[in-house]
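The structure appears below as structure tokens.
Computation of the quantities below employed the complete heavy-atom set of this structure, encompassing side-chain atoms and omitting hydrogens, waters and symmetry-equivalent molecules. Naming convention: chains lettered A, B, ... in sequence-line order (proteins, then strands); numbering from 1 in each chain. All of these numbers come straight from a predicted model, not from anything done at the bench.
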Amino acid sequence: MSILEYNGGCVVAMAGKNCVAIASDKRLGVQLSTIAMDCNRVFRMTDSLYLGLTGLHSDVTTLHNLFNYKLNLYAMREGRVIKPTTFASLVSSTLYEKRFGPYFAEPVIAGLQPDGTPFLCAMDLLGAMAVADDFVVSGTCAESLFGTCETFYRKDMNPDELFETLGQSLMAALDRDCISGWGVDVQIITKEGVTTKSLKARMD
Amino acid sequence: MASGPSLDFLSTSFSLSRVDDARLTPLQEGTSSAIALPLVDRPANFLRDAFAGAAEKDRLHFAHGTTTLAFVFQGGIIAAVDSRASMGQYVGSGTVKKIIEINPYLLGTMAGGAADCSFWERDLGRRCRLYQLRNKQRISVAAASKLLANTVYGYKGMGLSMGTMIMGWDVSGPHLHYVDSEGTRLKGNKFSVGSGSTYAYGVLDAGYSWDMGVEDAIHLARRSIYHATHRDAASGGVINVYHVKEEGWVKISSDDMMIIHEQVKAEKKAVDDAAEAVEGAAASGAETVAAVGSAADPTAAQDTGDASAASRGDVPPPASST
């Protein structure tokens with residue numbers, strides 16, 4: 001098992017009409033043994049910017065703390081909230097700084113630009129950015145997620161449809177992955193605010 | 001070789017043979033008793049070497065993760081299994097039948113390589129039937145498990161992966177044997193095999209007793225597999241339970257683990273609610289009960305009162321005898 005599959009877990013984000021949603025599973029394991037079913041791997045950076053991290057959980061936590069620190073300093077120096085595109089570049093450079101001894105984490109960034117349009121991007125552990133206008137995936141069942149998202153995605157969904165589509169795509173993929181699952185959390189980000197919903201998933 | 005119909009299928013074992021299939025007649029081919037070996041210097045190493053250079057994801061991956069258990073008790077034998085076939089981290093199937101019905105009075109479980117288990121246990125069924133025809137009596141469980149153990153021992157080192165439990169009820173009572181592809185054969189009253197076996201053992205050992213009733217035994221077996229499917233990533237799906245009785249085996253149930261999950265959750269909630277209610281009642285009446293030592297249902301209320309007082313950090317008063 002590779003180091004990126006040691007703890008398990010996956011994150012997926014999808015765009016709708018002037019809204020984005022980001023979802024993750026809740027499992028934390030040590031190879032095949034499940035340790036926790038309430039582990040959080042999607043973090044709020046700003047009110048309209050969320051960062052999901054998969055991979056080695058130790059690096060997920062470290063990067064979360066590191067980006068919180070960097071965003072606090074950014075807010076102090078610039079006196080404003082960071083834009084999603086700028087944050088994505090920040091994440092990319094931070095990861096590439098460790099090119100020859102990387103963080104074993106693969107981020108997914110989901111947010112709303114200042115003008116309300118959705119922004120989605122995913123990166124590998126070295127910081128290679130892939131921006132998409134429909135959906136981005138990361139984690140141990142990434143291939144399955146690509147399949148389910150491709151099947152269920154439609155353009156310009158409203159927040160409720162987006163929640164349903166994203167939830168079903170993730171649940172279908174989780175059932176084919178041993179080391180992800182045990183619960184699902186979905187955050188739906190709109191101009192008005194963020195709604196968090198939990199889905200009942202298979203607990204095996 | 002033979003000009004008439006071949007009776008190769010009656011021979012007693014699948015022998016390791018270097019038979020060149022081109023020389024078999026069409027009738028013989030279908031009933032050949034030889035498992036073909038690669039025509040190389042060291043056939044035992046062929047499969048391993050073939051994949052030696054490949055990346056991990058291209059190698060031959062066996063469907064391995066599983067939890068199976070079986071135990072003997074006063075009412076016979078209970079066997080319970082999960083139904084997930086995992087290939088590395090991928091869920092290959094959620095509906096695998098891991099209890100193999102060898103014949104109406106013998107059961108075998110599957111753990112390890114699915115093909116290895118199902119093939120060799122079906123072969124065991126064939127040989128048990130031949131024994132019955134030749135000796136006019138059913139084969140004993142000990143003999144059946146020994147046939148399997150000796151068969152797979154002949155392939156030791158060649159990469160078979162099989163951890164199975166053979167169980168049945170013969171003239172000397174119910175018997176359970178564990179047999180694996182290393183050649184181990186163990187007689188016992190309680191076994192659990194697979195990646196989730198450690199979790200199942202915890203629950204099984206805690207609740208097992210020889211004198212259990214049949215319903216309790218079934219409940220225990222189901223719960224043990226449930227807890228293993230919950231914690232072990234490589235186990236899951238549907239929980240199948242069988243009961244071996246004197247007349248033969250019978251399938252008891254086939255429940256999705258999520259159904260058991262809801263039951264366990266509801267039970268825990270009921271226990272928590274009951275404990276809270278008692279704690280609430282005891283907390284309000286704790287001082288009165290402790291001081292007076294009332295006779296009306298004193299022991300239970302006092303014990304809980306003391307316990308809740310202790311948990312609140314107060315020093316519990318000495319329990320007055322009733």
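Sparse packing is recorded around OH of B/Y153, with 12 or fewer heavy atoms of other residues, nucleotides or ligands lying under 6.0 Å away. Enclosure of atom NZ in B/K187 by more than 12 non-hydrogen atoms of other residues, nucleotides or ligands within 6.0 angstrom is indicated. Atom OH of A/Y6 is surrounded by 12 or fewer heavy atoms from other residues, nucleotides or ligands within 6.0 Å. Atom CZ of A/R44 has more than 12 neighbouring heavy atoms from other residues, nucleotides or ligands inside a 6.0 Å radius. Within 6.0 Å of NZ in A/K83 there are 12 or fewer heavy atoms belonging to other residues, nucleotides or ligands.
At a 4.5 Å heavy-atom cutoff, B/T198 makes no contact with chain A through either its backbone or its side chain. Of the two parts of B/H230, the backbone and the side chain both hold a non-hydrogen atom closer than 4.5 Å to a non-hydrogen atom of chain A. When heavy atoms are compared at a cutoff of 4.5 Å, A/A201 approaches chain B solely by way of its backbone atoms N, CA, C and O.
A side-chain N or O of B/Y199 and one of A/S33 form a donor-acceptor pair less than 3.5 Å apart.
Among A/K200, A/Q31, A/M37, the residue making the largest number of heavy-atom pairs under 4.5 Å with chain B is A/M37.
Rounded to the nearest 0.5 Å, atoms CG (A/L32) and CD (B/Q89) are 10.0 Å apart. Interatomic distance, B/S93 OG to A/R176 CZ, rounded to the nearest 0.5 Å: 6.5 Å. One finds the CE atom of A/M203 at 7.0 Å from the OH atom of B/Y226 (value rounded to the nearest 0.5 Å).
Legend: side-chain hydrogen bond (donor to acceptor under 3.5 Å, both in side chains) pairs involving residues 89-104 of chain A, not counting sequence neighbours, sorted by first then second residue: A/K70-A/T94.
Summarising the geometry of A/C178 relative to B/A234, their closest heavy-atom pair is SG-CA, 4.4 Å, with the distance given to 0.1 Å. Here the closest non-hydrogen pair linking B/A233 and A/T34 is N-OG1, 4.5 Å.
The side-chain contact (heavy atoms from CB on, under 4.5 Å) test with A/D204 is passed by exactly one of B/V238, B/D82, B/T229: B/T229.
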Determine all donor-acceptor pairs shorter than 3.5 Å in which one atom belongs to a side chain in residues 52-59 of chain A; sequence neighbours excluded.
unit_1 : atom_1 : unit_2 : atom_2 : d
A/T54  : OG1    : A/E106 : O      : 3.3
A/T54  : OG1    : A/S138 : OG     : 2.6
A/D59  : OD2    : A/F104 : N      : 2.7

